[in-house]
Amino acid sequence: METENETEDLDVASIDFPPIDDGEAPPGDLEDLNPAQAEAVREVSGPMVVFAGAGSGKTRVITYRIATLLAVHRVPPYRVLAVTFTNKAAGEMKKRLTRLVGEDLARDLWVGTFHATCARILRRHFEAAGLARNFVVYDDDDGRAVMRRIYKELKIDDKRFPARATLGRIRKEKQEGNLPKDFIPGDPFERVVLEAFEAYERHLASANAVDFDDLLLRVLFLVEDAKSTVGADLRGRFRHVLVDEFQDVNRVQYRIVRALSSEYRNLCVVGDDDQSIYRWRGADVTIVRNFRRDYPDAQIVKLEQNYRSTGSVVTAALGVIKPAKDREPKELFTENDAGEPVTIVAASTERDEAAFVVERITALLSQGAPADEIAVFYRTHAQSRVLEELMRAERVPHQVIGGFRFFERAEVKDLLAYLRVITNPQSDVDLLRIVNVPARGIGDTTIERLTAVATERGSTLFDAIPALVASGRIKGPPKKSLADLHRLLSGLVKTAATGSPFEVALEVLEASGYREWLEREQTAESEARILNMGELLNAVKEHEDEMSAAGEIASLGTFLERVTLSAAADELKDQPKVALMTIHAAKGLEFEHVFLTGMEEDTFPLKSLDPEGRCDLEEERRLAYVAITRARTRLYISHVQMRTLYGNVRYASPSRFIADLPKEVLQQEVTTQMRTSLRRSIDTGYVGGMSERVVTAAPRLAWSRDTEPRTAGPVVTRQAGERFVEREDEPARRSGFAGASLQSSGLVSGSRVAHRSFGLGVVVEVDDSSDPTATVRFEGWGQKRVKVRFLEAD
DNA sequence: GAATGGCCCGGCTGC
DNA sequence: CGGGCCATTC
């Protein structure tokens with residue numbers, strides 16, 4: 001890992017570059033590049049911003065630029081930092097660079113995501129960052145567990161101030177670079193937030209743990225610290241810093257790269273403001289748009305030629321992005337053939353939609369299309385289930401990316417918790433998770449006593465065990481169990497000191513009785529869990545192999561960190577399988593055939609709780625643009641007439657984004673079921689048993705809003721852009737308390753209400769439709785639109 | 001102290 | 001619909 005001390009004085013010029021074997025132009029030979037691309041590769045000195053349109057050869061440019069830095073400008077690889085958006089992208093970039101400049105150079109480059117890069121820096125400079133060497137990274141789940149404990153400790157009322165809201169607010173502050181000391185509470189909620197914030201930071205510190213935001217923040221504080229030598233070292237370490245997907249960085253990340261590149265000022269950022277889709281987690285498009293203001297001497301390159309997609313796909317993409325506001329002026333174009341039209345599919349239900357998708361995919365596969373060149377996208381994970389069920393039934397090889405993730409399954413998390421306690425016994429959250437798994441007779445009362453002792457002594461739970469056992473405050477089986485557990489864990493810590501991660505994992509399964517416990521159960525569920533355990537062991541083994549291939553030594557720590565920092569997109573395996581994923585996960589990927597499903601109002605664009613839907617709509621639009629531009633040759637966009645959500649049938653109209661697609665590149669298909677349903681409604685004048693107010697997206701096709709409706713009768717046609725209408729009798733029937741009764745009980749603006757997730761709020765406006773909705777200003781959340789039936793009077 | 005059943009409630013996207 | 005939490009029961 002620490003190769004740089006030996007290589008610091010290495011004569012890079014003496015290295016023989018291996019021949020290029022993959023048909024890519026060698027570094028320095030820029031013949032194959034267009035003028036803009038060549039400029040982005042050649043001009044390596046000073047700040048630069050590259051606006052890279054979708055499919056404009058961005059990855060190639062970044063790879064060549066780095067290769068040029070190494071091979072032509074002889075920059076030592078360990079002095080180049082490239083930040084990518086996923087670990088997978090980092091891996092691929094390294095692979096390509098290995099082919100271009102050889103293993104020896106590529107190996108020592110710093111390539112990784114923000115989080116992985118920061119973790120790497122913190123592993124080196126843990127002391128300066130105020131951490132112990134074996135710190136662990138807490139994910140959201142762990143954060144929630146910490147917060148639950150804090151709520152108990154501080155006796156905060158979860159009804160009044162939901163933990164979810166508190167944690168959400170803390171995260172938001174940290175994403176903006178704020179710690180408790182920077183937080184000035186205004187209202188009662190914020191006073192609770194501050195109290196919880198302080199406790200949260202205290203808990204993480206005593207657990208020797210950091211959360212995702214801390215990884216960035218701690219590096220930020222180091223690198224911005226004018227007085228620290230580590231900070232000075234970091235500021236001068238990288239001669240070149242490159243950041244991909246720059247449109248999705250947040251303030252803290254921006255400050256980090258600014259500081260890291262402050263000495264040499266060779267900061268090259270690459271992005272596309274049209275593809276900024278992570279605003280909701282702190283990303284800020286204005287950073288890329290204002291880059292020129294922050295770096296007045298920055299060179300600006302625009303890559304506008306799309307090499308990826310057919311003309312039809314590019315035209316469609318331009319159609320959805322054109323209405324977007326505040327775009328960096330640029331014009332994406334292609335010289336590719338128009339190809340086939342984009343197909344708009346009208347289906348009846350999500351099942352019908354899935355059936356269509358699966359049928360078309362089966363056809364593509366039988367025509368010889370590789371399965372891994374086919375992808376199905378949706379806006380939210382919840383939509384994946386029907387698709388997955390049908391694919392399984394039809395035996396279409398597929399993989400679902402994200403969603404219920406492997407590493408989030410209970411049994412997997414259990415074993416991981418064991419491993420984390422072993423690397424870092426200070427981690428209370430992990431100890432609490434496994435203290436009674438498998439059941440060993442340590443119940444709530446014993447745990448409460450243990451927590452009490454830990455609090456009294458100001459120690460961790462692990463250290464409190466011997467104290468409690470010796471204190472005489474417990475006896476009988478719990479006492480013995482606790483003593484046994486302590487012995488078990490201490491023994492495993494010893495194993496870990498000498499054994500490989502794989503050996504330790506095996507030992508955990510045996511010594512803890514976990515494997516035996518699972519095997520005794522003998523249910524279908526426990527069998528699946530046993531399989532998952534096997535898969536997890538495989539993952540440990542694979543990690544060991546990969547690390548040793550890279551000349552590094554695997555430890556539990558490196559394994560755990562990789563697991564915690566892995567992104568959904570990293571799961572995508574190089575296997576011949578159809579990929580199912582959210583559009584967010586699809587960012588940066590491309591496929592020959594793309595199915596974009598669920599293109600209905602309120603599903604996509606997804607109806608937001610935020611009344612200032614305008615900003616959200618902008619981001620939804622960019623998301624649609626990202627989705628469309630993933631397709632190389634064939635693109636299907638489907639929408640359904642009715643969609644079931646939480647057991648409710650909702651009637652949907654086609655997304656307004658469909659209406660934005662230029663007609664001349666579209667063709668329409670209607671599923672058989674949809675056709676039948678249309679005919680029936682036309683024949684009988686009966687539309688799905690609904691009241692007259694409820695209408696169907698029916699015969700007027702989504703994009704033909706200018707044509708005459710073909711039907712007579714009570715079918716009221718809706719156009720793209722209109723919203724869902726819910727059955728009138730639905731909400732009252734199934735909700736515990738009636739929207740109607742609360743409505744008649746006089747919910748007016750000014751009413752004080754409570755919501756399970758958002759806590760206390762004041763009503764700003766009431767919308768008395770069939771399903772009453774109120775705009776409420778919540779403490780700490782701002783204004784939200786919520787259904788009245790989810791509100792309680794305060 | 002563990003297991004089971006009922007009830008409540010949700011509203012995304014994710015390192 | 002289905003997951004998570006709580007209360008009741010063994």
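Residue numbering restarts at 1 for every chain, and letters A, B, ... go by the order of the sequence lines.
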*Rounded to the Å, how far apart are A:Asn648 CG and B:dC9 P?*
15 Å
*Provide the distance between the two C1' atoms, one in C:dC5 and one in B:dC12, to the nearest whole Å.*
23 Å
*Using a strict cut-off of less than 4.0 Å between a Lys/Arg side-chain nitrogen and an Asp/Glu carboxylate oxygen, indicate whether A:Asp248 and A:Arg281 qualify as a salt bridge.*
no
*Just how far, in rounded Å, is P of B:dT13 from CG of A:Asp602?*
16 Å
*asked:* Check A:Arg279 with A:Asp284, please: is the shortest side-chain N to carboxylate O separation under 4.0 Å?
replied: no
*Apply the side chain to side chain contact (heavy atoms under 4.5 Å, CB included) test between A:Val429 and each candidate in A:Asp142, A:Leu204, A:Leu461; give the one that qualifies.*
A:Asp142
*Assign each of A:Arg379 and A:Ser566 to its nearest nucleotide of DNA chain B by heavy atoms, then name whichever residue's nucleotide is nearer the 5' end.*
A:Arg379
*How would you label the contact of A:Arg144 with the nucleic acid (heavy atoms, under 4.0 Å): base, sugar-phosphate, or nothing?*
nothing
*Whole angstrom value for the distance that separates C1' of B:dC15 from NZ of A:Lys88*: 17 Å
*Separation of B:dT13 P from A:Met581 CE (nearest whole Å)*: 15 Å
*Tell whether A:Asp139 reaches the base of B:dC15 with its side chain through a donor-acceptor pair below 3.5 angstrom.*
no
Might you list the N or O atoms of the protein lying below 3.5 Å from N or O atoms in nucleotides 6-10 of chain C, with each pair's distance?
none

*OP1 or OP2 of B:dG14 less than 4.0 angstrom from a side-chain nitrogen or oxygen of A:His381, does that happen here?*
yes
_Please confirm whether the ring centroid of A:His584 lies under 6.0 Å from the ring centroid of A:Tyr278._
yes
*Would you please name every residue forming a salt bridge (Lys or Arg N to Asp or Glu O under 4.0 Å) with A:Lys479, sequence neighbours left out?*
none
*Could you tell me whether A:Asp211 and A:Arg171 have a side-chain N and a carboxylate O separated by less than 4.0 Å?*
no
*According to a strict under-4.0 Å criterion, is A:Arg385 in side-chain N/O contact with OP1 or OP2 of C:dC1?*
no
*Write down the distance between CD (A:Glu245) and P (B:dC15), rounded to a whole number of angstrom.*
14 Å
*Between P of C:dC1 and CD of A:Glu350, the distance in whole Å*: 12 Å
*Listed by chain and number, what are the side chain to side chain contact (heavy atoms under 4.5 Å, CB included) partners of A:Arg351, not counting sequence neighbours?*
A:Thr349, A:Val386, A:Glu389, A:Leu390
*Between atom CZ in A:Arg251 and atom P in B:dC15, what is the gap in whole Å?*
23 Å
*asked:* Using the six-membered base ring of B:dC15, report whether A:Phe114 stacks on it, requiring centroids under 5.5 Å and planes under 30° apart.
replied: no
Measure all distances between protein nitrogen or oxygen atoms and nitrogen or oxygen atoms of nucleotides 1-6 of chain B, and list the pairs falling under 3.5 Å.
from	atom 1	to	atom 2	distance (Å)
B:dG1	OP1	A:Thr446	OG1	2.9
B:dG1	OP2	A:Thr445	N	3.4
B:dG1	OP2	A:Thr445	OG1	2.0
B:dA2	OP1	A:Asn436	ND2	3.2
B:dA2	OP1	A:Gly441	N	3.3
B:dA2	OP2	A:Asn436	ND2	3.1

*Separation of the P atoms in C:dG4 and B:dT13, to the nearest angstrom*: 14 Å
*How would you list, by chain and number, every residue that makes a side-chain hydrogen bond (donor to acceptor under 3.5 Å, both in side chains) with A:Arg392, sequence neighbours excluded?*
A:Glu388
*Write down the distance between CZ (A:Phe212) and C1' (B:dC15), rounded to a whole number of angstrom.*
5 Å
*Tell me what A:Ile583 touches on the nucleic acid: a base, only sugar-phosphate, or nothing, going by heavy atoms under 4.0 Å.*
nothing
*State which residues pass side-chain hydrogen bond (donor to acceptor under 3.5 Å, both in side chains) with A:Arg621; sequence neighbours excluded, sorted by chain then number.*
A:Asp660
*Can A:Arg379 and A:Glu620 be counted as an ion pair, charged N to O under 4.0 angstrom?*
yes
*Is the phosphate of B:dG11, meaning OP1 or OP2, less than 4.0 Å from a side-chain N or O of A:Arg164?*
yes
*Side chain of A:Arg281 - closest among B:dG11, B:dT13, B:dC15*: B:dC15
_Position toward the 5' end of DNA chain B (nearest nucleotide), A:Ala116 or A:Thr380_ = A:Thr380
*asked:* Does C:dC1 have its OP1 or OP2 closer than 4.0 Å to a side-chain nitrogen or oxygen of A:Thr644?
replied: no
*Would A:Asp141 and A:Lys413 pass as an ion pair if we require N to O under 4.0 Å?*
yes
